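One structure is given here, and the rest of the page talks about it.
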Amino acid sequence: MSKQSIKIGLFGFGTVGQGVYTVLGQTKNAHAEIRRICVRDINKPRETVVPHELLTADADDIFNDPDINLIVELVDNARASYDIVTRALRMGIPVVSGNKAMIARHLPELIELQQKYDTALLYDASSCGSIPVIRNLEEYYDNDLLLEVKGILNGSTNYILSRVFDHGENYDAALHRAQQLGFAESDPSFDIDGYDALFKLIIITVHALGRFVPAEKVFTVGISNIHEADIQYAREKGSKIKLVAQVAKVDDSHFTMFVMPELVDKSKYIYSVDDEYNGVVIRGEYYDRQFMFGKGAGGYPTASSILSDIMARLHDYRYEYKKMAYVDRPEYTTDIEVRVYIRYSTTDVPGRLNFSHIHELHLTEQSNCIIGDIPLSRLMEQRDIFDNDDVFIAHIPTFYIDRDN
Ligand code: HSE
């Protein structure tokens, strides 16, 4: 596509779609224009006004337009997103997508389609909004040195926790505000139950370590059971509670992944990542830590990332998935010990979890709390405990590999 201008068929005109339309209209050197926008209802009132002839409800108006040389897919529904993206790739049309749920579920097939039909799918906007984490992992960190990628990958939960933790606001009011501001998913349980962060982590892991791990295999717990007692506990320890996703090498030939609230100490970079911001810490051999910070949710921050992927197509950029071809890739494991804080009242947490080691146990009339070490595999087996609303878990981080000390 080099030197040719980009003619875009856009699917979806919600918060991010409208952001892309506006951002593209204000970008002087974009060499890209939106030719057609496919939406479910062309008459729906929208904040951003566009010429009526740009809108269509028929996907064929885009797929049958020979001038369109890039599909930008920003629909809310994962099934519809899959149909659009796979159809475009099969036609050899490159695609930019922000649909993390769809990408995280179908990435191996989407990689195959890109190779088979010699075309590209770019999705930096799917992970961490405006932070260019995927392209950096793919290009700059194209080596064996990565030890860990960890961070706050969900803007909505971080916004809610900041409002509750730092401003003493009510959880439900903060969630409602996150929805109003366009940070939360249309079904906000994806955010608060940790799945949005998990989908981003799965995509990040493909580009960090060259391994695809299906969602079902990753221990994931969100923030919905957080209680004043947990906030109080964290404050007393000089920490904050954040929803953290991480992929980490645990030895030379294994890595692990999980998503759960974490007691984040003041000394950590992500301690100061508040509101809808995301923060990603990349740790590697020889360079210790690097930190990327930026807005992780919202129409314009995400649109800026989509714009970057659109511009990358001007230079025929595509992901090469080089790490997936490495001979010596680490294997995924949940056979590791993690240290956790668990607060509970009626559920028999000690009886069901059988901790390897208990460091602290506090029993009171209102609630109990354990700090202990436990295999991640056991947490996975007993995952349903964390659906009980009297149980809240937070990770207390420990290093797996530390070659700098
Ligand atoms: N709901 C997502 C978030 C949007 O809150 O981070 C950006 O992916």
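We count ligands from 1, going down the list as the structure has it; atoms in each ligand are counted the same way. The shown structure was predicted, so the numbers you read here are calculated from the model rather than taken from an experiment.
R383 has no carboxylate O lying under 4.0 Å from a charged side-chain N of E216, or vice versa, which leaves the two without a salt bridge.
Sorted by chain then number, the residues whose non-hydrogen atoms approach ligand 1 to under 4.0 Å are K100, N154, G155, S156, F183, A184, E185, D191, D196, K200, G296, A297.
The side chain to side chain contact (heavy atoms under 4.5 Å, CB included) test applied to N77 returns R79, A80, not counting sequence neighbours. Considering only residues two or more places apart in sequence or on other chains, Y82 meets the ring-ring contact (aromatic ring centres under 6.0 Å, His included) condition with H106.
Seen from the ring of Y344, R352 does not count as a face-on cation partner, given the 6.0 Å and 45° thresholds.
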I'd like a table of donor-acceptor pairs (distance under 3.5 Å, sequence neighbours excluded) in which one partner is a side-chain atom from residues 125-134, with atom names and distances.
residue: S126; atom: OG; partner: Y123; partner atom: O; Å: 2.7
residue: S130; atom: OG; partner: K295; partner atom: N; Å: 3.3
residue: S130; atom: OG; partner: K295; partner atom: O; Å: 2.8

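For an aromatic pair to be called close, the ring centres must be under 6.0 Å apart, and F386 with F219 satisfies this.
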